[in-house]
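Numbers restart at 1 for each chain; the letters A, B, ... are given by sequence-line order, proteins then strands.
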Amino acid sequence: MKQIKSITKQTKENILKSNNLLWKRKWKIFKKNKFALSAALLIILLYILAIFAPFFAPYSPNRNFRNKFFHPPTRIQIRDEAGFRSPYIYKTEVKGWADYEINREKKYPLRFFTRGDEYQLFGLINTDLHLFQVEGDIPIFLLGSDNYGRDLFTRILYGARVSLFIGFGAIIITTFFGLIIGGISGYYGGWIDNLVMRIVEVIMSIPSFYLLLALAAVLPVEISSGFRFFLIISILAFQGWAGMARVIRGMVLSVKEKEYVAAAKAMGARDKRIIAKHILPATTTYVIIRATIAIPGYIIMESGLSFIGLGIQEPSASWGNMLTAAQNITKISDFPWLLLPGFFIFLTVLSYNILGDGLRDALDPKHK
Amino acid sequence: MKTYILRRILIVIPLLLVISMLSFFIMQLSPGNYLDQMRMNPDISRELIESMEEDFGLNEGIMTQYFAWLGQTLQGNLGESFSYRVPVTQIIGSRLFNTLILSLSAMVFAWVIAIPIAIYSATHRYNILDNLFSVLAFIGLSIPNFFFALLLLFLIVRYNIPLPVSGMTSVMHDFMTPREQILDILRHLIVPTIVLGSAGTATIMRQMRGQMLDVINSDYIRTARAKGLKESTVINKHAFRNAINPMITMFGLQLSSLFSGAALTEIVTGWPGLGNLMLTAVRSKDLYLAMAGLMMGSLMLVIGNLIADLLLAVNDPRIHYN
């Protein structure tokens with residue numbers, strides 16, 4: 001008995017080792033794909049910007065500069081008569097309605113690591129440190145300002161928190177329920193399988209955006225923005241788990257006929273253990289690829305919902321609801337910087353799509 | 001085959017029933033109803049509100065309301081819209097038609113553009129144009145429809161391109177001859193079609209390119225070349241016909257996804273379709289209108305899936321149904 005135990009321990013270590021090797025090889029293939037690698041880096045950068053948004057942003061997201069609405073992006077100057085110097089900006093004077101004139105009399109240098117609006121990092125650390133601000137409290141609008149005179153750059157960073165983490169949250173919930181429900185349905189079969197698959201069919205037969213519309217309209221107006229954030233994640237996940245469960249079920253159906261599952265059964269492993277330890281791990285590759293491909297979809301849906309006013313509500317910023325300001329044709333042509341949040345959505349979605357493609361090439365040996 | 005089709009059609013009935021139940025209860029979850037907004041308005045008398053409440057059965061329990069709705073719907077009466085004060089059937093028909101026009105034109109646009117490009121890309125692999133098309137395809141896949149629409153609007157306004165940017169008809173539409181009216185609608189169709197068709201174009205392009213590449217490397221193409229056939233014959237007659245076959249599945253999938261994808265595009269470009277109607281209905285808690293929209297959308301989706309499966313069955317003799 002002791003001998004057997006030591007042997008199994010040894011084989012276990014071997015398996016773990018070869019498993020490690022397998023993932024190492026996959027990582028090697030992925031690393032060669034410079035395109036996908038840079039997309040991954042860009043995504044990481046965006047998440048860092050989002051997490052530390054209060055630090056990178058010069059102001060708090062709801063700080064409005066009166067009289068500075070629809071202010072065009074501020075040009076940062078790095079040269080003057082004497083050649084290159086530390087960056088500075090010029091002050092602008094209000095000339096008329098959303099009309100500004102640059103006042104070249106005085107130079108206002110940028111100051112780094114300055115104190116400004118107070119904020120809480122991770123809800124724990126109280127601080128007022130900002131990456132940059134301009135001397136003399138002259139407003140700087142890196143990407144222009146909106147109709148309330150709020151800094152667009154600041155709001156894009158704060159909006160990134162919503163837009164990036166909604167996709168993340170939704171895919172985690174979707175994957176969790178998809179795996180469990182799909183796993184159970186495929187493993188047990190019979191009436192459970194039948195019931196689950198009928199429910200899946202119903203959800204997948206309602207056009208997804210119509211379902212989202214109906215669900216989002218149900219949300220009461222007066223809930224807090226944090227709670228709303230959570231509810232929108234739930235709505236996206238409610239709509240998304242069905243597709244995941246269906247594919248997982250299909251994979252489980254084929255995996256459960258494999259010899260190693262029969263072996264586990266013969267050794268007396270319980271159902272829960274077989275599903276969790278032997279069957280679901282076989283779906284890892286698919287789940288990773290699927291998640292990477294699904295996240296941009298969620299980001300688009302959230303921004304779409306927020307764009308038409310059913311998602312994240314003002315004054316909270318999300319890339320979608322910031323674009324609402326650009327819906328008016330005259331505003332788009334006069335203040336084109338209002339379209340910038342859309343470029344961030346596009347950039348994020350593009351990076352995720354490239355990353356997903358790269359992961360599929362690296363992880364899926366069948367895919368060419 | 002016949003029994004398979006019959007069975008698939010029969011499954012649709014319970015499916016729609018469950019969808020209707022689910023949608024009805026979702027709509028009921030929302031606090032308050034349309035009449036609450038009317039109650040706030042001091043100009044509307046209490047009697048009118050009470051009579052409306054009775055007309056629409058809003059003072060009954062949810063179950064009674066649902067079965068009342070179901071009974072009416074089965075008789076072809078989809079109820080009355082609260083906000084428009086006309087039967088839903090009057091509104092929904094034209095809206096559905098508009099959505100179909102837009103979806104179909106986007107589909108035609110996507111296929112007509114994508115297939116030739118894919119063939120070119122596959123036969124000129126990795127040259128400059130092929131790479132450019134690959135990049136464009138990635139962009140087309142990644143750009144959110146509503147943002148793309150805004151960008152197009154921006155370009156049209158900025159460069160004074162004489163294209164209508166919103167709605168389906170111009171102000172003078174009613175005074176035009178029938179021929180001018182059709183041209184007018186076609187002009188309004190251009191922007192929404194490009195917006196809605198872009199993602200489809202990208203997907204088809206990538207898929208078709210992959211298919212073509214698979215086929216071009218197969219034995220029978222080598223044989224065809226070895227026989228001394230002209231390259232154009234090899235590509236157009238042998239490779240193309242084999243590569244387009246699996247694309248039929250894509251066609252079906254697209255058919256169903258277009259209906260739900262159209263909603264946002266419709267809203268941004270002001271196209272008076274089903275999606276636009278759904279938004280108004282959902283916002284004003286116009287229960288029966290929203291229900292009709294959801295049911296119509298689902299019906300279209302189910303029919304799309306059915307057509308996709310049938311096309312696949314007809315196309316691929318290896319698939320057996322019983």
Side-chain angles (χ1 to χ4, degrees), chain A residues 35 198-199 201-222 238 296-297 299-301 303-305 307-310 319-320 323-324 326-334 336 338-339 341-354 357 368, chain B residues 11-12 14-16 18-19 21-23 26-32 138-139 141-148 150-151 153-154 156-158 165-166 210 213-214 256-257 259-264 267-268 274-275 278-279 281-283 285 290-291 293-302 305:
Chain A
F35 216 40
R198 293 296 87 76
I199 297 174
E201 235 163 68
V202 167
I203 291 181
M204 293 185 74
S205 298
I206 307 178
S208 54
F209 201 75
Y210 288 25
L211 184 60
L212 286 182
L213 272 184
L215 284 169
V218 168
L219 302 186
V221 186
E222 59 275 6
F238 176 77
I299 293 178
I300 289 182
M301 283 191 204
S303 48
L305 273 184
F307 174 70
I308 55 175
L310 289 174
W319 290 343
L323 272 177
T324 317
Q327 211 177 355
N328 188 316
I329 292 171
T330 50
K331 276 188 195 158
I332 301 184
S333 60
D334 291 343
L338 290 178
L339 286 171
F343 279 102
F344 280 82
I345 304 175
F346 167 63
L347 204 65
T348 313
V349 173
L350 183 69
S351 309
Y352 264 116
N353 279 342
I354 293 173
D357 246 37
K368 262 259 173 159
Chain B
I11 288 178
V12 171
L15 190 64
L16 285 179
V18 180
I19 290 174
M21 261 186 243
L22 184 70
S23 327
I26 288 175
M27 295 300 298
Q28 293 289 349
L29 276 178
S30 78
F138 250 121
I139 292 177
L141 275 182
S142 304
I143 197 159
N145 271 350
F146 64 98
F147 177 56
F148 188 40
L150 288 179
L151 274 185
L153 298 191
F154 171 68
I156 287 171
V157 175
R158 185 42 75 90
V165 288
S166 175
L213 285 176
D214 279 354
S256 43
S257 74
F259 291 114
S260 53
L264 256 182
I267 292 165
V268 185
L274 207 54
M278 260 305 281
L279 179 66
V282 157
R283 268 198 185 141
K285 301 196 192 306
M291 279 302 293
L294 270 170
M295 295 312 293
M296 283 296 161
S298 307
L299 189 64
M300 290 295 126
L301 191 62
V302 172
N305 284 337

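Chosen from B/Ile267, B/Val268, B/Leu153, B/Ile139, the residue pairing most often with chain A at heavy-atom distances under 4.5 Å is B/Ile139. Ranking B/Ile156, B/Ile143, B/Leu299 against chain A, the residue ahead of the rest is B/Ile143, based on heavy-atom pairs under 4.5 Å. Note on B/Ala281, B/Ala290, B/Gly275: by heavy-atom pairs under 4.5 Å with chain A, the leading option is B/Gly275. When each of A/Pro336, A/Ala326, A/Pro341, A/Pro296 is checked for heavy-atom pairs under 4.5 Å with chain B, A/Pro336 comes out on top. Of the listed residues (B/Leu294, B/Leu150, B/Val18), the one with the most heavy-atom contacts under 4.5 Å to chain A is B/Leu150.
Heavy-atom distances place no part of A/Ser351 under 4.5 Å from chain B, backbone and side chain included. Both the backbone and the side chain of B/Phe154 come within less than 4.5 Å of a heavy atom of chain A.
Here the closest non-hydrogen pair linking A/Leu305 and A/Phe209 is CD2-CZ, 4.5 Å. Residues B/Phe147 and A/Phe343 come closest through the heavy atom pair CZ-N, 3.5 Å.
Between A/Leu212 and A/Phe238, every side-chain heavy-atom pair lies at or beyond the 4.5 Å cut-off.
Atom CG of B/Leu301 and atom CG of B/Leu15 lie 9.5 Å apart (nearest 0.5 Å).
Taking B/Leu213 as the reference, B/Ala122, B/Arg125, B/Arg209 meet the side chain to side chain contact (heavy atoms under 4.5 Å, CB included) condition, with sequence neighbours excluded. Shown here are the ring pair (Phe, Tyr, Trp, His ring centres under 6.0 Å) partners of A/Phe344, two or more places apart in sequence or in another chain: A/Trp319.
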